[in-house]
Amino acid sequence: MDRCDECGFDYGGISVGEVAGILRSLCARYVEVLDGESDRDLRARPAPDIWSAVEYTCHVRDVLLIQRDRVILALVEHSPSFARMYRDERASLTGYGQESLEDLSQELRVATSLFAKLFEGLSAEQMTRPCIYNFPAATERDVGWLGRHTVHETKHHLLDVNSVLARVSS
């Protein structure tokens, strides 16, 4: 996966040095959405199989935390393979839809900061550390790609959030 046909994200379009700043900027946009929309619209699902804006935001928070752990694992193990995230199970088991908006905003900021600070401190050599990313198929990647993929996930789901809100508020 080097380009997302759905959202147009191009993995080669950003450098690893831009990852932390882009993530911080995207986090601020999520927080603006959480602060600027009604609780009802943020929690509404436009269809049973489509997450609400709150659920997508919870997912992004968890992606940031999991990807941070994956970067650390890749730095201490040679070419580790990462366990699945179980995103749908995680959403139901942890009650994404009932998350406090205030808590979610704060947790998203913290998760973004934790990932960004780790990534900013990595050397060029560390960025090339190999790992096996198992979605959609097991493929060898490197830590730099993990950072870009984290940006992709965050950016892609912000589009999902905006799409959901447009559907539920119309």
Side-chain angles (χ1 to χ4, degrees), residues 1-4 6-35 51 53-87 89-91 93-94 96 99-162:
M1 182 188 303
D2 296 316
R3 179 170 174 72
C4 177
E6 192 174 334
C7 74
F9 184 82
D10 177 9
Y11 284 70
I14 63 168
S15 72
V16 292
E18 296 175 287
V19 166
I22 292 171
L23 287 173
R24 286 187 176 105
S25 174
L26 290 168
C27 173
R29 292 172 58 196
Y30 276 92
V31 171
E32 285 175 17
V33 169
L34 291 174
D35 290 345
W51 282 351
V54 165
E55 290 167 313
Y56 275 117
T57 305
C58 286
H59 172 67
V60 167
R61 174 205 56 207
D62 288 356
V63 163
L64 288 160
L65 294 171
I66 288 168
Q67 293 292 79
R68 179 178 183 262
D69 286 346
R70 289 172 173 170
V71 168
I72 292 168
L73 189 59
L75 296 174
V76 297
E77 290 185 14
H78 180 71
S79 203
S81 179
F82 304 128
R84 287 184 51 213
M85 182 178 177
Y86 294 99
R87 60 184 176 213
E89 295 85 352
R90 183 180 298 270
L93 290 169
T94 63
Y96 277 7
E99 183 79 35
S100 154
L101 298 181
E102 184 178 316
D103 289 350
L104 179 55
S105 288
Q106 182 175 345
E107 292 164 0
L108 183 62
R109 285 185 193 105
V110 169
T112 302
S113 179
L114 289 170
F115 184 94
K117 285 192 296 188
L118 170 66
F119 215 77
E120 285 172 325
L122 299 179
S123 68
E125 181 183 341
Q126 288 172 314
M127 291 291 184
T128 64
R129 294 277 302 179
C131 56
I132 306 300
Y133 206 83
N134 289 308
F135 184 83
T139 305
E140 184 171 281
R141 301 290 187 180
D142 63 24
V143 168
W145 183 90
L146 277 178
R148 289 181 184 99
H149 186 61
T150 304
V151 170
H152 169 241
E153 285 283 312
T154 305
K155 189 173 185 175
H156 188 112
H157 291 311
L158 185 58
L159 295 174
D160 291 332
V161 163
N162 291 324

Reported [atom1]-to-[atom2] distance for the pair [X] and [Y], which is rounded to 0.5 angstrom:
| X | Y | atom1 | atom2 | result |
| --- | --- | --- | --- | --- |
| I66 | F82 | CD1 | CZ | 11.5 Å |
| L118 | L64 | CG | CG | 11.5 Å |
| Q126 | F119 | CD | CZ | 10.5 Å |
| T57 | L108 | OG1 | CG | 7.0 Å |
| W145 | T139 | CH2 | OG1 | 7.5 Å |
| H59 | T154 | NE2 | OG1 | 9.0 Å |

Specify the closest pair of heavy atoms between [X] and [Y], including all atoms of both residues, with the distance to one decimal.
| X | Y | answer |
| --- | --- | --- |
| L26 | V151 | CD1-O, 4.1 Å |
| I132 | A138 | CG2-CB, 4.0 Å |
| V161 | Y30 | CG2-CE2, 4.0 Å |
| Y96 | E55 | CD2-O, 3.4 Å |
| Y133 | R141 | CB-CG, 3.9 Å |
| P130 | P80 | O-CD, 3.5 Å |

Backbone N/O of E125 and side chain of T128: donor-acceptor pair under 3.5 Å: yes
Any donor-acceptor N/O pair, D103 side chain to E99 backbone, under 3.5 Å: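 Such a contact is absent between D103 side chain and E99 backbone.
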Salt-bridge contact D142-R148 (side-chain N to carboxylate O under 4.0 Å): no
Geometric class of the H152/H149 ring pair [parallel <30°, tilted 30-60°, perpendicular >60°]: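 Tilted.
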Side-chain donor-acceptor contact under 3.5 Å, Q67 with R70: yes
Distance-only donor-acceptor check, side chains E153 and H157, under 3.5 Å: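 Per modelled atom types, E153 and H157 side chains form a pair under 3.5 Å.
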Working for side-chain contact (heavy atoms from CB on, under 4.5 Å), residues H156 and C4: CA-CA 9 Å; H156 188 112; C4 177; 3.5 Å; yes
Ring centre gap for Y11 and F9 strictly below 6.0 Å: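 Aromatic pair counts; centres sit under 6.0 Å.
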Test item: E140 and S79 side chains (from C-beta on) under 4.5 Å apart, heavy atoms: yes
Within residues 10-26 or reaching into it, pairs that qualify as salt bridge (Lys or Arg N to Asp or Glu O under 4.0 Å) - sequence neighbours excluded: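 Listed by first then second residue: R24-E120.
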